[in-house]
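Per chain, numbering begins at 1; letters A, B, ... match sequence-line order. Atom set for the values below is all heavy atoms of this structure, side chains included, hydrogens, waters and symmetry mates excluded.
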Amino acid sequence: MDKTYQPEQIEQRWYQHWEQSGYFAPQGDGKPYCIMIPPPNVTGTLHMGHGFNQMVIDTLIRYHRMKGDKTLYQPGTDHAGIATQMVVERQLNAQNITRHDLGREKFLEKVWEWKEHSGNTITRQLRRLGTTPDWSRERFTMDDGLSDAVREVFVRLHEEGQIYRGQRLVNWDPVLHTAVSDLEVISEEENGFMWHFRYPVADADGNTTDEFLTVATTRPETMLGDSAVAVHPEDERYKHLIGRQVVLPLVGRLIPVVGDDYADPEKGTGCVKITPAHDFNDYQVGKRHNLELINIFTIDACINDVAPEQYRGMERYAARKQIVADMDALGLLAEIKDHKLMVPRGDRSGTVIEPYLTDQWYVDLTRDVQPDGRPGGKAAIAQPAIDAVESGKIRFIPGNWVNTYNHWMYNLDDWCISRQLWWGHRIPAWYDNAGNVYVGRNEDEVRNKHNLPADLALRQDEDVLDTWFSSALWPFSTLGWPNVDDAALKNFYPTQMLMTGFDIIFFWVARMIMFGIKFMGDVPFHDVYIHGLVRDAEGQKMSKSKGNVLDPLDIIDGIDLESLVAKRTSGMMQPQLAARIEKATRKQFPDGISAHGTDALRMTFASFATAGRDIRFDLQRLEGYRNFCNKLWNAARYVLMQCEDQDTGLNASLPVEYSAADRWIISLLQQTEAEVADHIDNYRFDLAAKAMYEFSWHEYCDWYLELTKPILGKANDNQTAKRGTRQTLVRVLEAALRLMHPIMPYITEEIWQNIKGLAGVSGDSIMLQPYPVADTALIDQAALAEIEWVKAFIMGIRRIRSEMDIKPGQVLDVLLQNWSASDKAMYATSEAFARTLAKVGSVTWLEAGADAPESATALVGEMQILIPLAGLIDKDAEIARLSKEIEKLLKNLTGLEGRLNNPAFADKAPAAVLEQTRKQAEEQRVALGQLQGQLEKIRAL
RNA sequence: GGGUAGUUAGCUCAGUUGGUAGAGCGUCGCCCUUACAAGGCGAAUGUCGGGGGUUCGAGCCCCUCACUACCCACCA
């Protein structure tokens with residue numbers, strides 16, 4: 001093995017080997033274990049959030065594969081309708097081409113080209129992250145098979161009456177010219193105004209009178225579409241006007257005054273203008289009062305020809321300005337107030353969304369429908385999805401997300417699934433010239449089903465489906481559905497778990513549950529692990545416009561400052577931000593980012609993976625885990641140095657002897673194995689990572705490797721003991737590597753390949769080896785106690801040495817006092833350890849009452865280690881040291897005694913706690929007595 | 001307006017049936033000790049957001065307040 005750990009030299013090599021060997025495909029007859037990839041959008045490249053998600057999923061996948069489960073990680077990508085179409089449109093726009101210039105067909109060719117490019121980038125990135133999906137099963141939401149599934153679901157739901165077409169008010173994006181779902185609308189508070197307009201009340205002949213109703217509005221331009229004014233039916237101020245009419249200013253239309261609860265007497269003036277075609281509330285009021293729907297906008301949100309001539313063609317905000325000015329000129333503008341309001345914007349275009357009247361397709365998720373499709377049964381789609389979570393069949397981790405899920409599920413609206421885009425699944429509906437609609441899997445089917453003559457012209461619906469419609473089918477469409485006999489479907493559905501971010505619980509998780517139950521008759525997964533967002537070190541969301549985005553591959557491979565700056569400042573939608581981003585980047589990464597390797601990144605993600613909590617990505621933490629990799633690397637080099645070409649106990653007929661240290665580390669390994677498995681089973685990757693780190697570094701490296709040195713050194717010629725220790729050294733390492741492999745696949749593979757023979761193991765790859773299982777029979781309590789004792793002994797001496805400024809190399813003679821038979825026995829078996837690790841010279845066991853020279857002191861239990869001062873130790877320093885120690889002990893003891901002296905404590909605390917507290921207090925009293933005695937002795941000198 | 005989560009060492013975070021606090025990084029000493037200076041050894045560090053309550057005992061349970069973040073909502 002090379003002297004230094006260089007991840008770039010091992011990672012790609014092993015990945016290629018694994019992939020070429022076909023190790024990612026499900027194998028064996030074990031229990032099926034399957035996770036679906038949350039399909040990345042083919043909009044570009046993977047970000048840190050993907051990296052986190054993928055690496056944790058892959059940890060589970062590798063873990064289960066090693067456990068012998070028949071494991072499938074199902075890969076694929078999502079066509080991501082609007083998002084992808086926008087990416088390609090932007091590229092065309094840069095060349096001054098619009099998609100309309102190209103036409104639908106040519107444009108789609110361009111998008112497919114982009115999809116190839118982006119999809120390849122993504123799969124390449126996934127490979128670099130070390131994830132192990134079965135690439136032969138890779139799917140794309142617009143593949144033929146998956147598109148079949150989409151049509152099948154659409155047709156079936158339509159046949160059952162749960163998909164319908166209707167004219168309704170939708171969220172309209174006037175820039176993208178498409179409807180968007182409620183979830184795609186982001187409302188944010190913005191500063192605006194509230195305008196008060198006076199509408200003249202009309203007399204019986206329809207002429208204006210001197211009486212006015214004052215209405216308040218935040219959207220003056222919509223008055224052109226007003227079809228009523230509403231007041232509360234009980235409002236004494238206005239109730240006499242109900243049934244009368246007002247003259248709509250600027251338009252001249254007579255509109256009724258209606259009484260409706262919607263008008264709140266407490267709010268504004270108590271009168272509210274009703275614009276049913278441009279406001280969701282007003283739409284409902286309009287329905288109740290049979291009001292006319294007057295659409296005044298074009299698809300661009302400009303004033304259309306329904307409006308008075310002077311406003312036609314005006315952009316909505318220009319119209320607003322003009323209308324306010326005109327009302328003012330007429331003396332009908334009563335007041336303008338500053339007003340904060342929630343402004344709805346499209347999450348993709350950022351433009352203000354208009355409620356707009358259009359024909360769209362909807363899925364009714366809540367209507368009661370019997371299994372045979374007739375109305376009247378239990379809600380067919382939403383309710384079973386609620387029940388599945390309620391009953392615990394699907395579990396959210398952490399559990400509090402159930403509330404979020406339920407809240408949404410209990411308030412479902414019909415899902416608008418049509419989008420006026422080109423990129424996506426074309427809606428399987430055909431129209432004839434008479435306007436009749438036919439739904440079917442394809443045109444032939446439609447013609448056959450409805451006996452349509454061959455010469456009847458049919459044209460397919462221009463619209464495509466919401467991208468989440470196909471995502472909702474992902475858990476079964478990727479496994480071969482609608483072919484219900486597909487082996488993969490039978491094997492792996494339902495899958496075991498889903499791992500995703502909270503931001504798509506509604507978009508995706510809920511809909512997969514609904515459609516999974518609906519079409520497969522069973523939940524799509526059992527556990528839903530919800531993870532947080534990956535943020536930057538300051539806790540800011542990573543985004544291109546903030547310029548704080550990190551690419552997981554740059555962390556793995558490293559990147560120089562100039563490239564990083566270039567990457568962050570290129571292709572920006574707001575180029576004016578570039579200077580600030582450049583400055584911040586140069587400040588934060590003056591030397592760029594050095595290469596850390598995939599394993600360190602995976603370890604970092606694992607240790608940050610506490611469910612539900614956002615992650616502040618901290619490069620310093622990352623560095624710590626790279627150092628950990630380096631530590632492992634060097635430990636392996638030590639093991640090789642000691643074991644290569646040596647007898648590592650492979651010949652079972654030769655005797656072996658295990659030292660206390662051997663038995664101790666074997667015991668700890670069992671405990672760690674049990675702990676790690678438990679933590680992974682509970683999705684506590686942070687604790688699993690911590691247990692691995694703790695064991696490898698602080699027990700195996702810090703103590704065990706050091707403890708092997710006296711045994712394996714030249715001074716010792718006990719071959720049986722050497723054999724036992726070498727065997728332990730290499731076997732514990734081998735097991736630890738398997739233990740850590742799911743999180744750190746590369747370094748564990750590389751080292752494992754180098755030591756497997758010495759450990760008596762064969763196999764082509766660590767990823768195919770069994771996951772270590774704890775054997776409690778191997779836990780040796782005596783060895784654990786003994787090594788704890790040795791550690792205390794060594795640390796006591798080290799402390800004196802450090803605090804007394806004694807050279808590390810200086811051999812120290814020690815005296816021992818107040819020892820017990822067990823102390824003596826422990827020392828006898830571990831003397832070599834103490835001599836090597838603490839540089840102990842001669843040891844004198846003082847009899848009780850024997851005089852000791854002035855010394856520095858450390859305690860091992862009740863035994864006192866004395867290091868004579870003569871020539872070595874500074875009296876004042878020792879006094880200071882002892883005083884400090886005594887103070888600490890005293891503080892502790894006071895607390896314990898305070899508790900013990902409290903009669904209520906003795907009375908009510910459980911016996912075990914009481915006993916433990918007494919014991920602790922007693923120990924500390926003894927220790928305190930010894931230290932105080934020692935302090936007096938030294939003071940007296 | 002409703003809801004959820006968070007507030008623990010300088011920083012990032014653990015702390016799972018309530019027994020008086022831990023890790024990593026950073027800091028400060030001493031060491032190039034033959035696996036590792038991306039290292040070793042040692043040390044310092046906290047009124048666990050504020051207040052109240054339950055309890056023998058609260059970081060953990062209850063109430064309340066504050067701040068932060070996010071989610072949901074039809075307010076003219």
Is there a donor-acceptor contact under 3.5 Å linking the side chains of [X] and [Y]?
X         : Y         : answer
Asp264(A) : His232(A) : no
Arg726(A) : Gln646(A) : yes
Asp338(A) : Asn191(A) : no

[N] and [M]: how far apart are their [atom1] atoms, nearest whole angstrom?
N       : M       : atom1 : value
rU54(B) : rC62(B) : C1'   : 7 Å
rU55(B) : rA38(B) : C1'   : 49 Å
rG59(B) : rU20(B) : P     : 10 Å
rG6(B)  : rC63(B) : P     : 15 Å
rA44(B) : rG26(B) : C1'   : 13 Å
rU47(B) : rA21(B) : C1'   : 14 Å
rA58(B) : rG50(B) : C1'   : 16 Å
rA9(B)  : rU17(B) : C1'   : 28 Å

Could you tell me the separation between the [atom1] atom of [X] and the [atom2] atom of [N], rounded to a whole number of Å?
X         : N       : atom1 : atom2 : value
Trp697(A) : rC25(B) : CH2   : P     : 6 Å
Arg616(A) : rG6(B)  : CZ    : C1'   : 11 Å
Asp618(A) : rU12(B) : CG    : C1'   : 5 Å
Asn406(A) : rC72(B) : CG    : P     : 16 Å
Trp633(A) : rA37(B) : CH2   : C1'   : 19 Å
His531(A) : rC70(B) : NE2   : P     : 17 Å
Phe605(A) : rU12(B) : CZ    : P     : 18 Å
Ile806(A) : rA43(B) : CD1   : C1'   : 16 Å

Paired with [N] by Watson-Crick or G-U wobble geometry, both distances under 3.5 Å: which nucleotide is it?
N       : value
rG59(B) : none
rG24(B) : rC11(B)
rA35(B) : none

Side-chain donor or acceptor of Glu266(A) under 3.5 Å from a matching atom on the base of rA76(B)?
->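 Looking at the base of rA76(B), it does not pair with any donor or acceptor on the side chain of Glu266(A) (distance under 3.5 Å).
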
RNA chain B nearest-nucleotide lookup for Arg798(A) and Ala230(A): closer to the 5′ end is Arg798(A)

Below the 4.0 Å mark, does [N] have OP1 or OP2 next to a side-chain nitrogen or oxygen of [X]?
X         : N       : value
Lys888(A) : rU45(B) : no
Asn627(A) : rG39(B) : yes
His698(A) : rG24(B) : yes
Arg613(A) : rA5(B)  : no
Lys631(A) : rG40(B) : yes
Thr610(A) : rA14(B) : yes

Between Lys888(A) and Glu885(A), is the closest basic N to carboxylate O distance under 4.0 Å?
->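 Between Lys888(A) and Glu885(A) there is no salt bridge, as every charged N stays at least 4.0 Å from the carboxylate O atoms.
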
Main-chain N/O of Glu750(A) paired with Asn754(A) side-chain donor or acceptor, under 3.5 Å =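 Confirmed, Asn754(A) side chain pairs with Glu750(A) backbone.
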
Counting only N and O atoms by type, is there a donor-acceptor contact under 3.5 Å from the side chain of Arg602(A) to the main-chain atoms of Ile743(A)?
->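 It does hold such a pair.
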
When all nucleic acid strands are considered with a 4.0 Å heavy-atom cut-off, which category describes [X]: base, sugar-phosphate, or nothing?
X         : result
Gln284(A) : nothing
Lys709(A) : base
Arg684(A) : sugar-phosphate
Cys629(A) : nothing
Asp702(A) : sugar-phosphate
Pro910(A) : base

Would you call the rings of Trp408(A) and Phe506(A) parallel, tilted or perpendicular, where under 30° means parallel and over 60° means perpendicular?
-> parallel

